[in-house]
Protein chains: 2
Amino acid sequence: MARWQPDAPGRLAAAALDLFEENGYENTTVIEIAERAGLTKSTFFRHFPDKREVLFDKGAVSGLLVEGIASAPSAAGPLDAVADALEALGRTFFTADRREFSGRRQAVLNAHSELREREALKRIDLTTSMIEALSRRGAPGLTARVAAKLGSLAWEIAFERWIDTGNSEGFGPLARQALAEVRAAAAVS
Amino acid sequence: MARWQPDAPGRLAAAALDLFEENGYENTTVIEIAERAGLTKSTFFRHFPDKREVLFDKGAVSGLLVEGIASAPSAAGPLDAVADALEALGRTFFTADRREFSGRRQAVLNAHSELREREALKRIDLTTSMIEALSRRGAPGLTARVAAKLGSLAWEIAFERWIDTGNSEGFGPLARQALAEVRAAAAVS
DNA sequence: GCCAGTGATGGGACTTGGTCTCATCGACCC
DNA sequence: GGGTCGATGAGACCAAGTCCCATCACTGGC
């Protein structure tokens with residue numbers, strides 16, 4: 001078995017996505033994923049704490065979000081700061097070349113509750129990070145919580161539209177648009 | 001081993017909560033839980049699909065929520081319908097006699113990410129139910145999504161305050177109060 | 001060119017969660 | 001007292017995840 005090939009985590013993630021698409025999550029064994037990547041079970045668990053985590057990134061998004069919120073103009077309101085952060089995410093993370101991969105990944109996540117569960121936890125952790133970042137900007141506790149939840153919802157909506165193949169717009173503009181719609185909807189609820 | 005004692009699921013849940021408090025979630029074995037309840041591993045998995053689920057109820061809450069939203073006065077806005085539903089929850093589920101148990105359970109959930117993960121999934125499923133119920137009342141898609149998320153946040157806040165021992169108010173009034181605060185915070189975001 | 005050190009990998013034993021099948025027990029009914 | 005039915009027990013079995021140790025590839029010094 002060839003060793004020392006580059007980017008073991010990336011190869012494992014790609015192999016996992018392929019196999020999950022082909023056979024489903026629960027019908028895919030960690031050993032099978034590792035073998036397709038030319039590796040072994042031991043190495044898999046050295047790079048990922050568990051089977052689900054192979055489809056998730058290691059907290060890079062959180063840093064981007066927090067930094068985006070912190071560096072927004074101090075005159076900006078909470079939701080505007082969130083908009084800036086989502087736009088930063090669009091520039092760095094949700095780039096055009098990752099759109100196809102993101103769509104495939106999301107389809108697999110949606111199809112398996114164990115993966116949706118992990119995604120839900122990640123979303124909560126990100127929302128908590130946003131709340132803390134907004135609080136550091138001086139937003140009152142409840143305002144920060146509401147803004148973070150609305151921002152999270154706008155993110156979700158913008159992501160759906162971004163994945164949707166009929167849509168060729170970038171994630172940033174879609175996020176701003178979604179945030180505006182969410183804000184309007186909140187006003188009439 | 002004595003058989004045929006009543007309420008096997010309840011005994012299993014009580015035993016699990018005790019053991020999780022004593023030794024932590026990951027240091028507790030399903031076999032230990034079953035033994036403390038006077039049962040076996042087989043019976044445990046006959047009543048619960050997995051170890052985490054022993055601390056969660058079987059979808060009774062969802063029905064209450066959906067029914068509460070559906071039976072709200074047709075003139076009521078989305079958030080008002082949610083308020084009615086949360087109050088119904090307070091009458092049926094978050095009753096005074098369950099407050100201590102709820103607090104213990106929540107402390108255990110907060111302490112273990114595997115359990116927080118399951119809780120996050122449940123919350124998402126409940127939010128989805130609320131969105132559908134609001135849509136059936138005629139709320140536009142985005143409005144329903146926003147109202148459900150804000151309602152979920154108000155629920156969360158009201159529950160925290162309800163658990164807080166300094167607070168002797170019922171869940172219903174706390175939920176109405178939290179919902180009003182959330183609505184106000186949304187207006188200034 | 002050889003050799004030691006370092007870090008990533010392989011291998012396998014082991015525990016636990018979870019599934020499955022079959023035997024067994026208790027209650028209830030006739 | 002025998003038969004039926006639902007809940008439980010018992011044990012084999014597989015996959016996830018942990019742990020420890022051997023092994024290989026690359027690096028640098030000599």
Side-chain angles (χ1 to χ4, degrees), chain A residues 1-56 58 108-109 111-119 121-122, chain B residues 1-56 58 108-109 111-119 121-122:
Chain A
M1 218 169 275
R3 292 189 180 189
W4 248 238
Q5 303 224 336
D7 192 21
R11 277 152 51 214
L12 286 166
L17 183 56
D18 287 348
L19 287 167
F20 293 166
E21 286 177 335
E22 291 173 22
N23 309 325
Y25 175 81
E26 40 272 339
N27 295 322
T28 302
T29 280
V30 169
I31 295 184
E32 292 172 351
I33 299 171
E35 276 177 355
R36 180 167 296 203
L39 295 166
T40 64
K41 184 185 163 190
S42 297
T43 303
F44 180 97
F45 285 111
R46 198 168 287 119
H47 289 288
F48 302 102
D50 59 48
K51 184 181 170 186
R52 302 171 179 120
E53 202 69 17
V54 70
L55 288 190
F56 294 86
K58 326 192 163 174
V108 171
L109 295 194
H112 302 283
S113 77
E114 285 167 281
L115 292 172
R116 289 201 306 125
E117 197 171 15
R118 178 58 50 86
E119 189 192 18
L121 183 61
K122 298 280 181 183
Chain B
M1 217 168 276
R3 292 189 182 190
W4 249 238
Q5 303 224 332
D7 192 21
R11 277 152 51 214
L12 286 166
L17 183 56
D18 286 348
L19 286 167
F20 293 166
E21 285 177 336
E22 291 174 20
N23 309 324
Y25 175 81
E26 40 273 336
N27 294 324
T28 303
T29 280
V30 170
I31 296 184
E32 292 172 352
I33 299 171
E35 277 177 355
R36 179 168 297 204
L39 295 166
T40 64
K41 183 185 163 189
S42 297
T43 303
F44 180 97
F45 285 112
R46 197 168 287 117
H47 289 288
F48 302 103
D50 60 48
K51 184 181 170 187
R52 300 165 191 175
E53 204 69 17
V54 72
L55 288 191
F56 293 86
K58 326 193 162 176
V108 170
L109 295 194
H112 301 283
S113 75
E114 286 168 278
L115 294 171
R116 289 201 306 125
E117 198 171 14
R118 177 58 50 88
E119 190 192 18
L121 183 61
K122 299 277 182 188

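Chain letters run A, B, ... following the sequence lines, proteins first and then strands; every chain starts at 1.
- As a whole-Å value, the separation of Glu35(B) CD from dG9(D) C1' is 13 Å.
- Rounded to whole Å, atom C1' of dG26(C) lies 14 Å from atom CG of Leu39(B).
- Taking the side chain of Phe45(A) as heavy atoms from C-beta on, and the options dT18(D), dA15(D), dT16(C), the nearest nucleotide is dT18(D).
- Rounded to a whole Å, the CZ atom of Arg11(B) is 8 Å from the P atom of dT8(D).
- For the OP1/OP2 pair of dA8(C) and a distance below 4.0 Å, the side-chain nitrogens and oxygens of His47(A) include no atom meeting the criterion.
- In this structure, the CD atom of Glu53(A) is 12 Å from the P atom of dT18(D), given to the nearest Å.
- If you check distances only, the side chain of Thr43(A) never reaches the base of dG10(C) with a donor-acceptor pair under 3.5 Å.
- Judged purely by atom type and a 3.5 angstrom limit, Arg11(B) uses its side chain to pair as donor or acceptor with the backbone of Pro6(B).
- What you find for Ala8(B) and Leu39(B) is that their closest heavy atoms are CB-CD1, 3.8 Å.
- Atom P of nucleotide dG17(C) and atom NE2 of His112(B) are separated by 14 Å, given to the nearest angstrom.
- Smallest separation of non-hydrogen atoms from Ile33(A) and Ala15(A): O-CB, 3.8 Å.
- Minimum atom distance to the side chain of Lys41(B) is reached by dA12(D), of the listed dA12(D), dT9(C), dA16(D).
- Distance OH (Tyr25(B)) to P (dG17(C)): 8 Å, rounded to an integer number of Å.
- A donor-acceptor contact under 3.5 Å is not formed by the side chain of Thr29(A) with the base of dA15(D).
- In the interface, the side chain of Lys51(A) is not paired with the base of dG17(D) through any donor and acceptor atom under 3.5 Å apart.
- His112(A) pairs in a side chain to side chain donor-acceptor pair (under 3.5 Å) with only one of the listed residues (Arg52(A), Glu26(A), Glu117(A)), which is Glu26(A).
- In this entry the distance linking CD1 of Ile31(B) with C1' of dT16(C) reads 8 Å, nearest Å.
- As rounded to whole Å, 18 Å separates atom P of dA8(C) from atom CZ of Phe44(A).
- Listed nucleotides: dG17(C), dC20(C), dC19(D). Nearest to the side chain of Ser42(A): dC19(D).
- With hydrogens and angles ignored, a donor-acceptor pair closer than 3.5 Å exists between the side chain of Arg46(A) and the base of dG10(C).
- In this model, the phosphate group of dT8(D) is not approached by any side-chain N or O of Thr40(B) to a distance below 4.0 Å at OP1 or OP2.
- Between Lys51(B) and Tyr25(B) the shortest heavy-atom distance is NZ-O, 3.0 Å.
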